Amino acid sequence: MLSIFVEASCNRYNRDECVDCHVFEPLADISKPDWHMTPDQARLMATKIRQIDTLNALAQQEINLTGGEATQNPHIVEIVKVFQSVSPSVCVHTNLEINSKSSKRWLRLVEIIDEGARADITLYPTAWEKFQKPLLKELIVLQNRMIANLIFENLVHLQQQIQILIGFFDEEAPSFNHVIRLLQKYNEKVSWLVENQPECDETIYTTHMGDTEAFAREENFTLGLSLLPAFKVDTKGRRAMSSIPFPQTPYIINCPAARGSIDIMTVQQTGEMTPCCDVGNLKCQPKFGNLLTDSPNEIMAKFEQSRKKMFTGISKNQENLKNEKLGKWVEEGIPPYCG
Ligand code: SF4
């Protein structure tokens with residue numbers, strides 16, 4: 001999958017349209033015209049994706065357009081069409097924290113779905129009743145598939161979010177009975193942990209959750225669930241070693257790129273690429289080239305250079321982890337939680 005930022009990532013925005021946001025850290029360094037990706041930039045990226053086999057292969061799986069908030073980009077409908085020319089499956093990630101059906105952001109989303117793209121959401125309990133719930137009712141009529149991300153800070157927080165979704169789909173039953181069944185499985189598992197192992201570590205959590213399927217599939221509607229632990233970030237915008245719900249153990253990312261396999265590529269708005277799922281807080285220094293400014297040959301050369309650097313960096317990280325030097329950044333610029 002290719003994950004492409006189409007909007008500056010700030011998490012501080014005015015609902016519906018930005019007015020005076022994007023002026024503080026971490027966006028202070030991004031010049032104003034770069035807040036929104038333009039259709040011309042998207043076209044340039046699409047051309048290069050076609051020319052680079054590795055990226056083209058990832059685009060054939062899916063292109064996920066994200067941010068920041070992708071629907072804030074006034075050109076998002078055109079950008080979606082551009083990326084649809086290189087990928088059979090384009091989805092837009094939204095927080096669905098939108099004032100009303102007359103909002104420009106909602107109207108863009110409707111147009112995007114009309115064009116055959118998919119909208120995925122992240123659930124925010126604080127925005128649920130007022131913003132997300134009424135529009136999710138509309139969204140599940142407009143499209144027949146969706147992924148919901150649940151970001152949790154502790155097990156009770158996760159349990160609450162699962163129960164919010166059960167309550168929601170229960171009101172929409174019977175067409176969503178299969179979705180409710182899947183959510184009930186998650187609810188039972190997480191509720192057991194809340195009751196019996198509230199302070200469990202990540203190993204106990206993952207073992208207990210087992211191989212519970214991630215999708216409830218039926219022809220009328222498919223829901224995918226993605227449960228993601230939250231992380232603190234430091235003043236430099238860098239992720240902590242451990243997640244918030246499981247502080248006992250470092251949360252290690254096994255870097256596929258360092259081992260020669262590119263399974264996912266994140267393209268920042270600046271065009272810089274990182275070969276893993278990065279929401280902007282990994283701060284991996286060796287870049288895999290710039291999709292806006294580098295030629296395909298330059299990008300391929302940087303793939304190889306950076307892959308070697310990553311391999312050396314993660315070997316040092318593994319040593320540091322063994323020697324209890326947790327959190328130490330190595331000179332290769334590989335985050336200390338990558339192994
Ligand atoms: S070293 Fe870590 S941050 Fe860098 S690409 Fe690999 S997994 Fe991602």
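Order of listing sets the numbers, starting from 1, for every ligand and every atom in it. Just so we're clear, the structure is a prediction, and the values are computed from it rather than from any experiment. Residue numbers count from 1 along this sequence.
Between the His36 side chain and the Ala70 main chain, no donor and acceptor come within less than 3.5 Å of each other. Side-chain N or O atoms of Thr222 include none that pairs as donor or acceptor with a backbone N or O of Arg145 at under 3.5 Å.
Judged by the 6.0 Å distance and 45° axis criteria, Arg259 is not positioned over the aromatic ring of Phe311.
Below the 2.8 Å limit, atom 2 (Fe) of ligand 1 has as protein N, O or S neighbours Cys338 SG.
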Tyr205 and Phe246: CA distance, side-chain angles, deciding distance, ring pair (Phe, Tyr, Trp, His ring centres under 6.0 Å) verdict = CA-CA 9 Å; Tyr205 165 77; Phe246 307 113; 4.9 Å; yes
Audit row: Tyr251, Tyr337, ring pair (Phe, Tyr, Trp, His ring centres under 6.0 Å) steps and yes/no: CA-CA 6 Å; Tyr251 192 98; Tyr337 32 76; 8.9 Å; no
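Around the NZ atom of Lys137, the shell of radius 6.0 Å holds more than 12 heavy atoms that belong to other residues, nucleotides or ligands.
Residue Pro275 has at least one heavy-atom neighbour below 4.0 Å for each of these atoms of ligand 1: 5 (S).
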